[in-house]
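Notes for the one structure printed next.
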Amino acid sequence: MPLPLSGVKTSEEQAEAKRLEREQKLKLYQAATQTVFQKRQAGELDESVLELTSQILGANPDFATLWNCRREVLQQLEMALALAELGFLESCLRVNPKSYGTWHHRCWLLSRLPEPNWARELELCARFLEVDERNFHCWDYRRFVAAQAAVPPAEELAFTDSLITRNFSNYSSWHYRSCLLPQLHPQPDSGPQGRLPEDVLLKELELVQNAFFTDPNDQSAWFYHRWLLGRADPQDALRCLHVSRDEACLTVSFSRPLLVGSGMETLLLMVDESPLAVEWRTPEGRNRPSHIWLCDLPATSLNDQLPQHTFRVIWTAGDAQKECVLLKGRQEGWCRDSATDEQLFRCELSVEKSTVLQSELESCKELQELEPENKWCLLTIILLMRALDPLQYEKETLQYFQTLKAVDPMRAAYLDDLRSKFLLENSVLKMEYAEVRVLHLGHKDLTVLCHLEQLLLVTHLDLSHNRLRALPPALAALRCLEVLQANDNAIESLDGVTNLPRLQELILCNNRLQQPAVLQPLTSCPRLTLLNLQGNPLCQAEGSSEHLAELLPSVSSILT
Amino acid sequence: MLHRNLEYQVHGSRRSYYGGNWASFSFSGLLSWLKEHQENSDIVNECPAWQEKIHENEEAIALSRTDKTIQHVEVFCYACQDLHEDVEEAGALQKNHASVTSVNCTEAADSACLPVEDESLRTTSCEIPAEQTPSSDPERALEVNDVQVTGEKENCCDDNTCVPSTAEKETSENVPVAEDTAEQPKKNRITYSQIIKEGRRFNIDLVSKLLYSRGLLIDLLIKSNVSRYAEFKNITRILAFREGRVKQVPCSRADVFNSKQLTMVEKRMLMKFLTFCMEYEEHPDEYKAYEEITFSEYLKTQKLTPNLQYFVLHSMAMTSETGSSTIDGLKATKNFLHSLGRYGNTPFLFPLYGQGELPQCFCRMCAVFGGIYCLRHSVQCLVVDKESGKCKAIIDQYGQRIISKHFLVEDSYLSENTCAHVQYRQISRAILITDRSVLKTDSDQQISILTVPAEEPGTFAVRVIELCSSTMTCMKGSYLVHLTCTSSKTAREDLEPVVQKLFTPYTETEIENEEIEKPRLLWGLYFNMRDSSDVNRNTYNDLPSNVYVCSGPDCALGNDNAVKQAEALFQQICPNEDFCPPPPNPEDIILDGDSLQPEASESSALPEASSETPKESSNLRNPEEPSK
């Protein structure tokens, strides 16, 4: 039947009708909001508040205060209306499926219901994720529901399967897998946590390879890939213990930064098997988490009466300890792990079997041939090579860094720093094999200094011809350092050259030191006798030598 | 396609159904259509002498008496014809469908076979109020319903006022809905009588087309709001026939990710090439050097394995080794990819109850705003004013004159005289009912498109579209398969080789090894359909300038040609009007008489095609851009 129509409103009429309607709506909205606030203030938490808030929240579910109001009312009414509330929440979610307030309210409600219908909640999540599989609010809620309902991890894993099948660009789904898989395949107590059995690992690797071969620019898969090949944090350990008779000082290096002090970690020091109360501090004197902690020793602990003194540090929380011996007539004594590379540096990637890493490396190289400019692929190749054998692959790694910098210039600085970090690690590894205390890090294009805590015993350090802009505070960890060369860098600050008890020579030619004031930290190095500042801007200033002599009276030779 | 949302029009048709060769039929409807075309008898023109009605200052252009667009009709039935002669279609009733409730009733068919002709349209110069309303919601969402619809289709012909509505209601209530599921025979044994019996539960199209998700027709359906009258399903898979086997073609990102048949490297190669195709225009240096060669040669120069080249060439670009140049191939591939992901993992949609629904949807919108339809009103001739040389009226079989300014005629209505110089191409078609899918998977509700390349020069690739029962085009447990190609010989000669490759005739003897068995044919039909799509209007003899000709269906997969034609014709008739404008919002309509509530009349006049409950249909506004 045709419409008996005689006309249609003009656009002006329509616009006017809309305007009036909106005006009316605004009035109602404001009035309702006001009433709710008044009632809340007056403590009238009754059903009328529920009614009013539902009108407002139904249109705008992101009004957090009103959700609070509702919770107060519901508590008052002892949840009698909870079932109706569920339906109301669903209508709000339809208005905005990503409303923090609504999802939170649902969590609150469900955890208070006497007999929550979890199956229905899972179904609700499935529905919302069908509409938008990347709604992380809903993922959060799903994890809450799955935990409350004790859904077997295998079922949830199958659910992530189905969503990844539909669209693998889904951080939430991959992330959920990384939570579920360790639950499904728990490691025996002794083994490292968070690792997967090889057959499971290989299956996951295949899945994720499918993703990055299909779309190598999708980050979510690469991040999951890194998680798969990564490993748990290394065990807490004391890396190095050093005692110096001269400085009457004991220095400890830890596997991770920690904060020692009251209410924090406790360290016990046993000298010759009896406890000694000491004050722990960081080398740079700041009370921050640090790899290195040191303490002053009383003269009695260092006297030459006995043939030797033993020092034992116990890290109670880390369940680790280390002991070193200071022999009679020796200036210093130390004990250092001849640690393998795997323990020394926490690689991004590492799995039990290098065959897995090797085959991952091969497929990434295959992908790289097809996608020579894919940054994720290049970075993964670098990480895999490091995990496999950092020294053997050093040359290749550096070439990949060059390519990577060219294709991803936006992250050039990050990549330079990462490369510096890897080079330093390699140098430390080489040093480890050679047991030397002289370290050459010249001509390496370093932009940043990492892992300085590993260099506790180094006496001679050469940093010349790099791109360093500062000698960072962490340098203060080099307690044994006697000679430091850092020519031809771009150094502007010397914050790290502080409290170095044995530093005698500091060579800083051709850097960017502007003001004599930047040399202030050097005043805390008691044995500094030679300072070479040639080729720095500050030498140009008139009267600079006088100024410096005044600042550093104990330095016998200052070259400008 | 031409029934458009034009106010105050009169649509006449010699047929008893809408849409000409675009129509779809129930099974019995198809059988009577068949009978009509198989007999091919020139039925004597029994019309009153319309010549007498022509005045002195007028001339008549006679229209064709019979539909000559369908030829070489051949039917085969392999299903067990358990000799119950009196099998009747459940819920059938003798009504608008040209004939017959039973296959054997030839008399009925004859009597219903109305002799003559025409479809025309009359427009008045009235102001069309609908044009003035701007759309407040330009990006209207299409309903894509992936829920299996099990109920009877309601009021399949409710536009037609000659059907007594009470009878319609009664019969549909009498259909024992539950019965068929309970009696599901094991091992898919479907008999002919079952097909007849279930015949009214599904619709079979004469043409086989799909909607590109970003094609012109989808845009038009959304823009005009005609989409509210139809429901769609996504085509679920793209298939290829290679090395004697049917394989699934991974075309979307998700397909490539999930594919088990591609190697990792192939996945990358394919994705890389497809990504390039999406924006090939921006990288001319990548293909400029290959412009002179065919697309298939070009593909060989790209980093693609033969497997992938085949997929791209035949299943995505849907062309052949020699069929298109590099540019055309890239364009076709881009077109395919462009439609991908809007409503799902393939680029295509299919309307529930078949393509034949769409002309009806446009008709319905038109009817709501006052269009008038006269089915079985055969127009005998066009009346031309001698002085002006313009057509001024038509005369129907009752001798009645209908005056109009514009006349729109489908090519098939024009007489042999008018079309003496016209060269037509032909389309070869086959419609099959089979017992299982050409590629079995976990789900039996798959909608697939498969391109089988031509084997010898001079022949054409065959397009195979396999529809499952949830598209409402076949009975449960069976599949409806359409084969289409440009004709080089008769439909059977063109298509039978492909049918033999993919299917095997139904036999009573059970072959136990089901795994390697091909789907079995229960019933099959071949026919050739005239393709009048690219006839130049100037090749028709002596047509007055206010008579416009539209073509029948073309051979292409999409509907762009028909939409373009409709719009072009519309612009000729109404030069300054908006084509298929969105209807006004119900609240903006001012109705005759104050007592009438707009909402009420709207809901009674426009039954929503979409289901009411939100959980059953997903309203996909921007499915390709899930935001975080």
Side-chain angles (χ1 to χ4, degrees), chain A residues 1-11 13-15 17-18 21 90-91 94 97-98 123-124 127 129-137 161 163-172 206-218 221 362-364 366-371 374 377, chain B residues 7 127 129-134 136 161 250 252-260 262-272 275 303 341 345 366-372 583-593 596 598 601-602 604-606 614-615 618-620 623 625-628:
Chain A
M1 185 187 93
L3 283 176
L5 90 172
S6 59
V8 175
K9 287 181 196 163
T10 64
S11 54
E13 284 169 338
Q14 282 179 45
K18 268 221 178 95
E21 198 186 309
E90 275 156 44
S91 66
R94 253 176 246 136
K98 294 181 178 178
E123 182 56 28
L124 176 102
R127 278 269 156 77
L129 290 174
E130 200 172 306
V131 176
D132 178 0
E133 66 270 3
R134 306 203 295 187
N135 182 346
F136 65 85
H137 303 262
D161 272 339
L163 284 179
I164 286 172
T165 303
R166 263 177 41 200
N167 178 7
F168 59 84
S169 302
N170 191 332
Y171 276 106
S172 304
E206 198 193 328
L207 186 71
V208 79
Q209 267 188 25
N210 272 323
F212 61 67
F213 269 86
T214 304
D215 184 356
N217 291 316
D218 184 80
E362 266 145 41
S363 38
C364 281
E366 205 170 31
L367 179 60
Q368 203 257 333
E369 248 170 69
L370 292 164
E371 295 292 322
N374 185 276
C377 186
Chain B
E7 274 64 27
E127 272 292 292
E131 255 85 37
Q132 297 167 351
T133 50
S136 56
T161 46
S252 70
R253 196 165 169 267
D255 282 353
V256 173
F257 171 69
N258 293 316
S259 170
K260 296 261 187 287
L262 298 185
T263 65
M264 294 289 174
V265 173
E266 277 186 313
K267 289 184 182 203
R268 186 79 290 273
M269 287 172 164
L270 182 60
M271 284 302 288
K272 197 171 180 172
T275 313
K303 270 192 193 154
N345 270 342
C366 175
V368 166
F369 290 93
I372 298 166
N585 286 326
E587 64 265 27
D588 295 333
I589 296 174
I590 303 160
L591 297 157
D592 299 335
L596 226 65
S601 81
E602 164 74 356
S604 66
L606 311 177
K615 60 175 182 176
S618 44
N619 202 328
L620 302 171
E625 293 153 355
S627 54
K628 187 99 187 174

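As the structure is a computational prediction, the values presented were derived from the model and not from experiment. Below, read A as the first sequence line, B as the second, and so on, with proteins coming before strands; counting in each chain starts at 1.
Of the possible polar contacts, none joining the Lys303(B) side chain to the Leu370(A) backbone as a donor-acceptor pair under 3.5 Å is found.
Residue contact with chain B, scored on non-hydrogen atoms closer than 4.5 Å, is absent for Glu130(A). For Gln209(A), the parts lying near chain B are the backbone and the side chain together; criterion is any non-hydrogen pair under 4.5 Å. In this structure, chain B has a heavy atom under 4.5 Å from the side chain of Asp218(A), while its backbone stays farther away.
Of all heavy-atom pairs between Asp215(A) and Arg253(B), the closest is OD2-NH2, 2.9 Å. Considering every non-hydrogen atom in both Leu367(A) and Arg268(B), the closest pair reads CD1-CD, 3.3 Å. Residues Thr214(A) and Phe257(B) share a closest heavy-atom pair of OG1-CA, 3.5 Å.
No more than 12 heavy atoms of other residues, nucleotides or ligands lie within 6.0 Å of CD in Glu369(A), so this atom counts as exposed by the packing criterion. In Glu206(A), the CD atom is not crowded: 12 or fewer heavy atoms of neighbouring residues, nucleotides or ligands sit closer than 6.0 Å.
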side-chain contact (heavy atoms from CB on, under 4.5 Å) between Met264(B) and Asn210(A): does it pass, once the steps are laid out? CA-CA 6 Å; Met264(B) 294 289 174; Asn210(A) 272 323; 3.4 Å; yes

Could you walk me through whether Glu371(A) and Lys272(B) pass side-chain contact (heavy atoms from CB on, under 4.5 Å), step by step? CA-CA 9 Å; Glu371(A) 295 292 322; Lys272(B) 197 171 180 172; 3.1 Å; yes

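Between atom NZ of residue Lys267(B) and atom CZ of residue Phe212(A) there is a gap of 11.5 Å, rounded to the nearest 0.5 Å.
The salt bridge (Lys or Arg N to Asp or Glu O under 4.0 Å) check on Glu123(A) picks up Arg127(A), with sequence neighbours excluded.
Comparing Val256(B), Thr275(B), Asp255(B) by heavy-atom pairs within less than 4.5 Å of chain A, the highest count is held by Val256(B).
For the residue pair Asn345(B)/Arg166(A), the side-chain donor-acceptor check at 3.5 Å is not satisfied.
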